[in-house]
Amino acid sequence: MLLSAFGSLLQLLYLAMLVLAVVAFVFAATASEDAYRAADKKKKSFWLIILGIAVAVNLLIPMLFLQLAGVVASIVFMVDVRPALKEVSGGGGRRGGSSSDGPYGPYNGGR
């Protein structure tokens, strides 16, 4: 009973690691090469290779150490690289506001 529950938990963990790697790979593939250069991050091909290896390891080689390395690479991409790419490509932030908008509306300088 306890071992089967632990096995089910591990299967969910492996699935979550695979999903994270696939999502990071898709985001890396959809960003333009110019956005990587503008954000001063590694090349697009670097991230596609690293994240592609992470997906392949999760699918083909069920070794926890290699899978954890893939998770680290995926988290670094999602937390550091992806927001920088969104910022330089204009995908981040609010929609339709001006540069003087604050969190509660436009800032008019106390007028």
Side-chain angles (χ1 to χ4, degrees):
M1 173 75 175
L2 186 61
L3 286 177
S4 68
F6 183 69
S8 298
L9 181 66
L10 278 179
Q11 291 294 335
L12 287 175
L13 181 65
Y14 291 151
L15 181 63
M17 290 189 294
L18 174 64
V19 168
L20 178 65
V22 168
V23 168
F25 182 81
V26 168
F27 283 142
T30 57
S32 69
E33 179 71 38
D34 294 334
Y36 285 90
R37 271 184 264 138
D40 197 27
K41 299 296 178 184
K42 296 280 188 186
K43 287 185 164 186
K44 180 178 183 174
S45 58
F46 171 82
W47 283 108
L48 288 177
I49 290 169
I50 295 296
L51 296 171
I53 289 172
V55 170
V57 162
N58 279 308
L59 286 175
L60 304 174
I61 308 169
M63 292 179 64
L64 187 59
F65 176 76
L66 294 175
Q67 289 174 318
L68 289 177
V71 166
V72 168
S74 300
I75 290 173
V76 167
F77 180 83
M78 296 295 281
V79 171
D80 182 41
V81 178
R82 183 171 176 251
L85 295 176
K86 283 179 67 175
E87 184 178 321
V88 298
S89 63
R94 293 167 288 217
R95 303 260 189 243
S98 74
S99 63
S100 64
D101 282 356
Y104 304 110
Y107 177 72
N108 60 6
R111 291 183 233 148

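The chain is numbered in sequence order, starting from 1. Since we're looking at a predicted model, the values are computed, not measured.
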Rounded at 0.5 Å granularity, tell me how far CG in L48 sits from NZ in K42. 14.5 Å

Just grab all the salt bridge (charged side-chain N to carboxylate O under 4.0 Å, His left out) pairs involving residues 70-85, residues at least two apart or on different chains. K41-D80

Enumerate the residue pairs fulfilling salt bridge (charged side-chain N to carboxylate O under 4.0 Å, His left out) with a member in residues 19-36, sequence neighbours excluded, ordered by first and then second residue. D34-R37

How long is the span from the CG atom in L64 to the CG atom in L13, to the nearest 0.5 Å? 7.5 Å

Find the distance between CG (L85) and NZ (K44) and round it off to the nearest 0.5 Å. 9.5 Å

Closest non-hydrogen atom pair between I50 and A73, with its separation: CG2-CB, 3.6 Å

Kindly compute the distance separating CZ (F6) from CG (L9), expressed to the nearest 0.5 Å. 7.0 Å

What is the minimum heavy-atom distance between S74 and A21, and which atoms define it? OG-CA, 3.5 Å

What I'd like to find out is whether the side chain of W47 reaches to under 4.5 Å of the side chain of V76, using heavy atoms alone. yes

In Å and rounded to the nearest 0.5 Å, what is the OH to CD distance from Y14 to Q67? 5.5 Å

Is it true that a side-chain atom of Y36 and a backbone atom of A28 form a donor plus acceptor pair closer than 3.5 Å? yes

Do V22 and L12 share a hydrophobic cluster (ILVMFWY, side-chain heavy atoms under 4.5 Å, transitive)? no

pair L20-M78: side-chain heavy atoms closer than 4.5 Å: yes

